[in-house]
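Keep in mind the model is a prediction, meaning the values are calculated, not measured. Here is the naming used below: chain letters follow the sequence lines, and residue numbers restart at 1 for every chain.
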Number of protein chains: 2
Amino acid sequence: MHTPYHHGDLPNALRCAAAEVIAEKGVGNFSLREVARRAGVSHAAPGHHFGDVRGLLTSLAIEGFEALYAAITAAAAKHNDPAEKLIAMGTAYVTLATKRPAHAQVMFRLDIVDPEDPELMAAGLRAYTALHDVVAEIIRSEHLSADADDVTNLCWSTMQGLVELQPKLDYLDELQGRKPIKTNDRVRRFQQLILSGARSGARTR
Amino acid sequence: MHTPYHHGDLPNALRCAAAEVIAEKGVGNFSLREVARRAGVSHAAPGHHFGDVRGLLTSLAIEGFEALYAAITAAAAKHNDPAEKLIAMGTAYVTLATKRPAHAQVMFRLDIVDPEDPELMAAGLRAYTALHDVVAEIIRSEHLSADADDVTNLCWSTMQGLVELQPKLDYLDELQGRKPIKTNDRVRRFQQLILSGARSGARTR
DNA sequence: GATTTGATGTTGACGTTGTCTAGATTCGAT
DNA sequence: ATCGAATCTAGACAACGTCAACATCAAATC
């Protein structure tokens with residue numbers, strides 16, 4: 001029974017363990033020692049790869065943005081119609097947050113990740129640009145007067161807000177005896193409202 | 001120089017100190033002992049009023065929802081036109097988050113506040129209902145076919161998303177050489193897009 | 001093959017943290 | 001004056017993140 005001294009893939013094992021801990025307990029109850037225990041290394045080992053807790057969480061956030069980029073571009077690629085692309089992207093955004101609660105919980109947390117990390121900024125911008133391009137395509141192909149930045153920012157804000165509020169909205173539906181709405185349907189309704197607004201000629205430039 | 005044994009208004013002093021610490025360091029770097037130090041009491045004193053950290057943060061979240069309710073209803077009261085009420089409420093929502101960053105940071109944090117606290121749930125529902133009522137008024141007075149729940153949820157999601165993303169959006173504007181947008185203007189543009197969508201006849205029921 | 005170097009991992013120390021408990025203080029009710 | 005409860009303190013404890021010294025290992029160099 002021989003355990004090698006070197007783990008072999010510790011950064012990834014630590015990110016996985018971190019995601020697990022956060023998914024189970026929430027990021028507010030995160031513990032680096034718990035992560036190290038789950039990865040099977042000493043409590044100080046993560047420091048060699050990520051520097052400190054902030055470094056590990058920043059790495060997780062980067063991974064989250066990369067996964068987001070992959071998800072929204074893959075979702076968009078399944079459609080030809082730009083409006084359907086946008087709706088698919090919105091759905092992919094919210095679905096990813098549900099599948100990867102840990103990543104969703106850290107991606108926009110200025111207090112616990114390093115917002116100025118170049119890799120993080122690049123990954124965030126990349127995902128944003130993918131969304132912006134589809135919005136711009138809608139506006140161009142339909143000759144809309146709405147501002148692509150405004151519509152992109154509105155879509156992103158909406159999706160991010162929905163990620164955060166989803167449990168609350170589900171609870172409100174239950175409280176008021178409304179039939180539970182699937183995430184896909186809720187996203188579609190929201191995106192359709194936004195698109196209708198953009199199509200109606202509302203001036204935002 | 002006599003310091004009374006009893007503080008006299010410690011729960012409030014602790015909430016103020018907690019808000020201060022969170023505003024300065026972010027909620028991820030919150031420390032109950034730091035709060036106690038700032039309030040001038042021993043480290044174990046907050047426990048007598050709030051039980052544990054979770055209790056204190058839950059109390060702060062309640063205070064946040066109450067302030068939100070006060071802000072959005074006051075903003076709405078300055079207008080007669082329901083659409084202007086909605087825009088004013090959106091602006092008040094985002095402005096409050098800017099003025100009270102600590103409260104904004106805890107209000108929707110399921111991991112560190114008690115989401116099932118009856119007072120918290122009641123305060124949240126009260127604020128939500130105020131928004132919902134204005135949306136319903138718009139829909140009724142303009143004979144719109146949009147679903148009041150959907151439009152309310154979309155507005156709330158958008159505002160909440162904007163609260164979280166504001167620094168990122170400001171940074172993107174700067175990165176791309178765009179003229180900085182005032183919060184009021186951004187909120188107005190978003191709400192106008194949403195209202196246009198609702199007015200256009202987009203079916204969400 | 002032997003040595004060196006740097007990446008990677010361990011161990012232990014330390015200051016800080018939140019929680020718990022026993023004791024102290026105060027105030028209102030009896 | 002006494003009692004009880006709310007409120008506060010002080011100390012103990014386990015857990016935490018970080019730091020530094022040391023250990024291990026693998027690749028590069030001689």
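Taking 4.0 angstrom as the limit, A:Arg37 places a side-chain polar atom (N or O) nearer than this to OP1 or OP2 of D:dC16. Within the 4.0 Å cut-off from OP1 or OP2 of C:dT17, at least one side-chain nitrogen or oxygen of B:Ser31 is found.
Closest to the B:Arg33 side chain, of the nucleotides D:dT9, D:dA12, D:dG17, is D:dA12. Minimum atom distance to the side chain of B:His43 is reached by C:dT19, of the listed D:dC16, C:dA13, C:dT19.
Panel note: side chain B:Gln105, backbone B:Val27; a donor-acceptor pair is recorded below 3.5 Å. Checked by atom type and distance alone, the side chain of A:Asn153 pairs as donor or acceptor with a backbone atom of A:Asp149 at under 3.5 Å.
Enclosure of atom CZ in B:Arg178 by more than 12 non-hydrogen atoms of other residues, nucleotides or ligands within 6.0 angstrom is indicated. The 12-atom threshold is exceeded at CD of A:Glu24, counting heavy atoms of other residues, nucleotides or ligands nearer than 6.0 Å. Residue A:Asn80 qualifies as open at atom CG: its count of foreign heavy atoms under 6.0 Å is 12 or below.
Computed from coordinates, the A:Phe30 CZ to D:dG17 P distance equals 7 Å when rounded to whole Å. In this entry the distance linking NE2 of A:His7 with C1' of C:dA7 reads 16 Å, nearest Å. At whole-Å resolution of the value, CG in B:Leu14 and C1' in D:dT7 are 12 Å apart. Rounded to an integer number of Å, the gap from A:Asn12 CG to C:dT8 P is 13 Å. Look at CG on B:Asn29: it is 11 Å from P on C:dT17, rounded to the nearest Å.
Of the residues in residues 49-62 of chain B, those with a non-hydrogen atom less than 4.0 angstrom from any atom of DNA chain C are B:Asp52, B:Val53.
We find the CD1-CG distance between A:Ile22 and A:Asn29 to be 10.5 Å, quoted to the nearest 0.5 Å. A distance of 12.0 Å separates CG of A:Asp133 from CG of A:Leu86, quoted to the nearest 0.5 Å.
Both B:Ala44 and A:Ala44 sit near DNA chain C, but only A:Ala44 has its closest nucleotide nearer the 5' end.
With salt bridges taken as basic N to acidic carboxylate O contacts below 4.0 Å, none links A:Asp9 and A:Arg15.
In this structure, the ring of A:Phe65 has its center less than 6.0 angstrom from the ring center of A:Phe108.
Within the 4.5 Å cutoff, no side-chain heavy atoms of B:Asp150 are placed close to those of B:Leu154.
Side chains of B:Thr158 and A:Ser157: no donor on one and acceptor on the other come within 3.5 Å.
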Protein and nucleotides 28-30 of chain C: nitrogen or oxygen contacts under 3.5 angstrom:
none

List, with names and distances, any nitrogen or oxygen atoms from the protein found under 3.5 Å away from nitrogen or oxygen atoms belonging to nucleotides 22-24 of chain D.
from   : atom 1 : to     : atom 2 : distance (Å)
D:dA23 : N3     : A:Tyr5 : OH     : 3.0

